[in-house]
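Below: one structure, written as structure tokens.
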Amino acid sequence: MLLAGKNALITGAARGIGAAMVEAFAAEGANVWALARSQSDAFENALGDMETRYGVWLKPLYADLTDPAAVTAAIRLAMADKLPLDILVNNAGIMAADKPFQLTAIAEMESIFRVNFFGAMQLTQLATRWMARKGRGAVINLASIAGQNGGSRLDYSASKAAIISATKTLARELAPQGIRVNALAPGFIQTDMTQALGDKVTQDTLARTLLGRIGKTHEVAAVAAFLASDRAAYVTAQVWNVDGGML
Amino acid sequence: MTNSEKYHNAFVTALEVTPAQAPDLVYGKSNAWDSVGHMTLIAALEDAFDIMMEMDDIIDLSSFEKGKEILRKYDVEI
């Protein structure tokens with residue numbers, strides 16, 4: 001198993017790519033603190049089922065990433081388990097309906113950045129301090145092809161571009177502490193978030209995708225599990241596209 | 001081990017200095033205490049006293065003596 005005995009913290013864990021990551025990491029032998037925005041019995045039951053299936057522990061944590069105090073409290077709770085943290089996956093993110101830049105209020109842009117960028121950075125600050133105690137760790141940031149090529153909504157694509165830039169800077173800064181930092185840039189993946197974009201965006205995107213289909217969440221999760229593992233021990237400061245070949 | 005000994009040890013171990021050098025250390029004034037060493041020191045102090053320091057305190061911890069003052073906020077008397 002790729003991640004046997006490792007402990008990971010995954011954000012946005014209740015659904016979409018994050019939920020697939022929790023399952024992929026558990027299947028590879030990792031224990032996971034699964035962070036979601038709000039408590040849900042369905043989420044906790046799913047974690048319980050996976051614990052039984054894969055023989056690992058999966059603990060729910062709750063925090064709204066726009067609330068710095070809540071994020072700190074969640075990390076404190078996880079640290080109280082007195083275990084090392086090996087992997088952080090900054091997966092949580094929000095998107096909003098397409099809107100032209102000139103019709104987008106600055107406050108809306110700030111709210112996107114608050115979750116997609118600043119929330120991830122606060123978690124990374126806390127988590128990498130935790131990792132540094134053992135002198136090792138892996139951070140995986142969820143970017144997007146929109147962060148590379150621009151997208152239909154400026155604030156979302158700019159927040160993902162910021163994540164890409166942060167990934168490279170953090171990789172440089174944290175390498176002396178034994179911490180690798182990489183990003184994944186998913187293309188069009190089947191989630192609630194992309195479904196909300198509508199048929200036209202879907203068809204336009206598929207026309208530019210070599211594999212000619214929408215990606216599955218588990219296909220992103222599988223790459224994340226590899227990047228988080230020791231098999232990727234010489235990989236840092238990279239952005240890996242998981243996009244079916246979008247040219 | 002007393003709190004004072006734990007505190008002193010954290011500096012010696014994290015910054016790889018001699019016990020005699022530790023009390024005179026100031027952040028950025030020696031090769032031992034650079035930004036990487038600083039985060040190692042913070043981890044050592046958090047481990048030693050089972051605390052989680054706030055970002056403002058991490059930034060303010062700029063000398064051996066200042067660290068003692070900051071730790072009082074976390075109910076650690078050196």
Side-chain angles (χ1 to χ4, degrees), chain A residues 7 9 33 35 61 63 65-88 114 117-139 166 169-181 236-237, chain B residues 1 3 5-17 21-22 25-64 66-78:
Chain A
N7 303 321
L9 195 160
W33 288 282
L35 192 147
L61 290 175
L65 293 188
T66 64
D67 179 352
V71 171
T72 301
I75 292 288
R76 276 184 203 276
L77 195 60
M79 290 180 81
D81 289 333
K82 304 286 183 195
L83 295 166
L85 176 67
D86 301 295
I87 301 158
L88 168 68
R114 175 54 53 194
F117 184 72
F118 292 112
M121 291 304 102
Q122 190 199 354
L123 263 173
T124 303
Q125 276 186 332
L126 296 168
T128 56
R129 276 165 56 194
W130 187 0
M131 289 173 177
R133 295 176 183 197
K134 294 291 177 188
R136 64 166 195 264
V139 177
T169 303
L170 284 169
R172 191 189 303 271
E173 186 168 324
L174 297 175
Q177 296 173 45
I179 299 171
R180 299 184 294 111
V181 186
T236 194
Chain B
M1 194 183 287
N3 279 354
E5 288 167 334
K6 286 190 208 174
Y7 183 74
H8 204 136
N9 276 357
F11 276 77
V12 170
T13 309
L15 302 180
E16 298 178 346
V17 294
Q21 288 173 314
L25 287 173
V26 174
Y27 175 71
K29 299 284 187 189
S30 74
N31 291 337
W33 196 352
D34 60 7
S35 60
V36 174
H38 189 65
M39 294 316 297
T40 308
L41 173 63
I42 296 300
L45 292 171
E46 288 182 332
D47 267 351
F49 299 107
D50 198 18
I51 57 174
M52 187 172 167
M53 295 172 68
E54 300 294 338
M55 185 55 68
D56 288 348
D57 293 329
I58 292 171
I59 294 165
D60 282 350
L61 203 163
S62 54
S63 70
F64 188 86
K66 182 72 178 176
K68 293 180 184 176
E69 180 188 321
I70 288 170
L71 288 191
R72 276 189 211 113
K73 292 187 189 175
Y74 299 89
D75 298 324
V76 177
E77 284 294 334
I78 307 295

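Throughout, protein chains are lettered first and strands after them, A, B, ... in sequence-line order, and every chain is numbered starting at 1. All values below come from the heavy atoms of this structure, side chains included, with hydrogens, waters and symmetry mates left out.
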Do A:Val139 and A:Met131 come close enough that some side-chain heavy atom pair is under 4.5 Å? yes
Please list, in residue-number order, every residue in residues 50-63 of chain B that has a heavy atom less than 4.5 Å from any heavy atom of chain A; write 'none' if there are none. B:Asp50, B:Ile51, B:Met52, B:Met53, B:Glu54, B:Met55, B:Ile58
So CD of B:Glu46 and CG of B:Leu41: to nearest 0.5 Å the spacing works out to 10.0 Å
Is there a side-chain contact between A:Thr128 and B:Met39 in this structure, where contact means two heavy atoms from C-beta onward sitting under 4.5 Å apart? no
Is there side-chain contact between A:Leu35 and A:Val71, with at least one heavy-atom pair below 4.5 Å? no
Hey, does B:Val17 have a side-chain heavy atom less than 4.5 Å from the side chain of B:Trp33? no
With chain A as the partner chain, list the residues of residues 68-78 of chain B whose heavy atoms fall under 4.5 Å from it, by residue number, and write 'none' if nothing qualifies. none
Would you sort out whether B:Val26 and B:Lys66 count as a side-chain contact (heavy atoms from CB on, under 4.5 Å), showing the intermediate values? CA-CA 9 Å; B:Val26 174; B:Lys66 182 72 178 176; over 6 Å; no
With a 4.5 angstrom heavy-atom cut-off, which part of A:Glu173 approaches chain B: side chain, backbone, both or neither? neither
When rounded to the nearest 0.5 angstrom, what distance separates CD in A:Gln177 from NZ in A:Lys134? 15.0 Å
Would the distance check show the side chain of A:Asp86 and the main-chain N or O of A:Asn7 forming a donor-acceptor pair, the cut-off being under 3.5 Å? yes
For residues A:Trp130 and A:Leu88, determine if any side-chain heavy atom of one lies less than 4.5 Å from a side-chain heavy atom of the other. no
Cut-off 4.5 Å, heavy atoms of chain B, and the answer for A:Leu126 is side chain
Non-hydrogen side-chain atoms of A:Trp33 and A:Leu83 separated by less than 4.5 Å: yes
